[in-house]
Every structure is written in structure tokens, then in C-alpha cells.
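Before any comments, here is the structure.
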Amino acid sequence: MKKVIKAAFPVTIPVMLGYISVGIAFGLLFEKSGYNFLWAILMSLTVYAGSMQFIAINLLTSRLGLIQIALMTLFVNIRHVFYGLSFIDKFKVMGKKKNYMIFSLTDETYSLLCSSKVPEGIDSNLFFFCIALLNQIYWIIGTLIGSIAGSLITFNTKGIDFAMVALFVVIFIEQWFTYKTHIPVIIGIACTIISLLIFGSNNMILPSMIFITLVLIIFKKQIDRDTYIGEEETKH
């Protein structure tokens with residue numbers, strides 16, 4: 001096991017730097033919202049969805065109904081369903097680790113599982129498991145540091161929630177440079193702007209998510225075709 005962890009750790013260093021930093025921001029904000037570090041750790045253990053955890057801070061302190069909260073959670077995290085489906089054959093052979101692997105598929109973990117090359121002599125299933133586990137440990141460590149620091153130090157947390165915006169900007173840039181087709185990104189931007197203009201900044205998230213999902217379904221064949229052409233051009 002030590003050999004596998006030693007092989008997986010270097011791969012996860014970029015995620016470690018990001019997760020600890022953003023996890024600290026989440027822990028600070030969650031503690032300042034009135035929840036102690038135990039609740040923050042529990043959320044990072046059982047929910048483990050960076051963007052949704054930031055959104056949950058506002059949801060927990062708002063007057064939104066359960067149906068609105070459930071729908072928003074569904075649409076913000078619906079991409080994780082497709083992450084799991086794309087790895088279903090791989091995870092089937094992982095035995096007891098299968099459920100955890102599905103649970104732990106964040107954007108960054110999914111990216112590493114897709115792009116990482118398993119070192120020679122290392123069990124691939126254990127290698128992927130260690131990547132997923134290390135990433136969640138980084139997130140929990142960040143959460144713990146942030147929530148404890150928030151309980152010991154009094155300061156103005158205004159602006160810290162920009163960490164979530166920064167997280168999405170990083171995901172956006174990664175998406176732009178990783179994939180050959182930019183249609184999904186353009187659809188996301190266009191649908192968000194339209195929703196902002198129609199529904200306003202306070203009510204745009206849910207309709208924009210629904211709008212984006214519907215347009216992506218409509219253009220699915222073209223996106224698949226452009227992705228295939230891009231992959232073929234890369235090979236040549």
C-alpha cells in the first residue's frame with residue numbers, strides 16, 4: 001500500500017494545493033455561518049462536493065424550500081452522474097471500493113483518473129483508489145484548518161467566498177484547453193447570460209442549469225462529432 005501511495009501522491013500535488021486552499025475558505029465561511037468545525041468536517045466527509053458545499057452555506061441560511069434546494073443540488077451536481085457512467089466498467093472490478101470511487105468523483109479527481117498513467121508494477125485499481133482518497137483527505141484538511149482558524153481568529157470574511165468563483169474559473173480554463181470542441185463552454189456562457197438577463201442575479205442559477213442541460217442535449221451529436229474529429233487530428 002505504501003508503494004501505491006508513494007506513486008499516487010505526486011499525481012495529486014496540484015489538486016492538493018487547490019483543495020487545501022479552497023477547503024480553508026469553505027471552513028472559514030461555514031464556521032462564520034454559525035456551524036462549528038465538527039459540522040464542517042461532517043459535510044466534507046459525507047457531501048464532498050466543493051461548489052455545492054459553498055452554495056449550501058447560503059442555502060442553509062436562506063428561506064428556500066426543500067424542493068428548490070433539491071433541484072438546485074441536482075442540477076449543480078448532475079455532471080457527476082455522467083462521470084460515474086463513464087467509469088462504470090472500470091469501477092465494477094474494484095469490489096468494495098466501487099461505491100467510494102463513485103462517491104469521490106469530483107471534477108479534479110475525474111480529470112486525474114482520465115489522464116494519469118499507472119506506473120509500471122502498480123495495481124491500477126489501488127492506484128486510482130489512492131488518488132481519490134488523497135484528494136478527499138486534502139479537502140478535509142483544508143476544511144479543518146479553515147473552520148478551526150475561523151473559531152479562533154476574528155476577522156472580516158468578506159470576499160473569501162470569491163474562492164468558489166476562482167474554483168469555477170479554473171474549471172472553465174481547464175475545460176477550454178482540455179477539450180477540442182468549445183461548444184459546451186460557449187453554450188454554458190450563452191445560457192447563463194440569457195438567464196441573467198431574464199431572471200436576474202438572484203434567481204438565475206436554477207433556470208440557467210435547466211437551460212444548459214436542454215441545449216447540451218440538443219447539440220449532443222454535434223459535440224460528439226467535433227470531439228471525435230479533434231481526437232483524430234491529435235493522433236495525426
Original post:
If you look only at pairs with a residue in residues 188-213, which of them pass as a ring-ring contact (aromatic ring centres under 6.0 Å, His included), with sequence neighbours excluded?
Top reply: none
What side-chain donor-acceptor pairs closer than 3.5 Å can you find for residues 2-14, not counting sequence neighbours?
unit_1	atom_1	unit_2	atom_2	d
Thr12	OG1	Phe9	O	2.8
Thr12	OG1	Tyr138	OH	2.7

Subject >> Inter-residue atom distance Leu134.CG - Phe129.CZ, 0.5 Å rounding >> reply: 9.5 Å
Original post:
Checking side-chain contact (heavy atoms from CB on, under 4.5 Å) for the pair Leu126/Lys97: CA distance, chi angles, key distance, verdict?
Top reply: CA-CA 9 Å; Leu126 203 52; Lys97 299 181 184 67; 3.7 Å; yes
Original post:
Measuring from Ile187:CD1 to Ile212:CD1, what's the distance to the nearest 0.5 Å?
Top reply: 9.0 Å
Subject >> Rounded distance [0.5 Å steps], CD1 in Ile88 versus CD1 in Ile102 >> reply: 7.0 Å
Taking distance alone, no hydrogens or angles, what donor-acceptor pairs closer than 3.5 Å link side-chain atoms of residues 33-49 to residues at least two apart or in another chain?
unit_1	atom_1	unit_2	atom_2	d
Ser33	OG	Leu29	O	2.8
Asn36	OD1	Leu38	N	3.0
Asn36	OD1	Trp39	N	3.3
Ser44	OG	Ala40	O	3.4
Ser44	OG	Gln53	NE2	3.3
Ser44	OG	Trp139	NE1	3.1
Ser44	OG	Thr143	OG1	2.9
Thr46	OG1	Leu42	O	2.7
Tyr48	OH	Gln136	N	3.3

Original post:
At what distance, to the nearest 0.5 angstrom, does CE of Met94 lie from CG of Asp123?
Top reply: 8.0 Å
Original post:
OG1/Thr213 to CD1/Ile218 distance, rounded to the nearest 0.5 angstrom?
Top reply: 11.0 Å
**OP:** Kindly say whether Gly150 contributes a backbone atom to a donor-acceptor pair with the side chain of Lys32 at under 3.5 angstrom?
**Re:** yes
**OP:** Please identify each residue that fulfils side-chain contact (heavy atoms from CB on, under 4.5 Å) with Leu113, with sequence neighbours left out.
**Re:** Phe87, Phe91, Met101, Leu105, Thr109, Phe128, Ile131
Original post:
Can you name the nearest heavy-atom pair linking Lys90 to Ser124, along with the distance?
Top reply: NZ-OG, 3.3 Å
**OP:** State which residues pass side chain to side chain donor-acceptor pair (under 3.5 Å) with Ser208; sequence neighbours excluded, sorted by chain then number.
**Re:** none
**OP:** Would you name the heavy atoms of Val15 and Glu108 that are closest together and state the gap between them?
**Re:** CG2-CB, 4.0 Å
Subject >> Heavy-atom side-chain contact between Pro184 and Leu216 under 4.5 Å >> reply: yes
Original post:
What distance separates Asp107 CG from Leu112 CG, expressed to the nearest 0.5 Å?
Top reply: 11.0 Å
Subject >> ILVMFWY cluster, Ile186 and Ile210 together (side-chain gap under 4.5 Å) >> reply: no
Original post:
Side chains of Tyr100 and Leu133: closer than 4.5 Å at any heavy-atom pair?
Top reply: yes
Original post:
Looking at residues at least two apart in the chain, or sitting in another chain, which of them share a side-chain contact (heavy atoms from CB on, under 4.5 Å) with Ile189?
Top reply: Phe172, Val185, Ile193
Original post:
Which atom names give the shortest non-hydrogen contact between Val215 and Cys191, and what distance separates them?
Top reply: CG2-SG, 3.9 Å
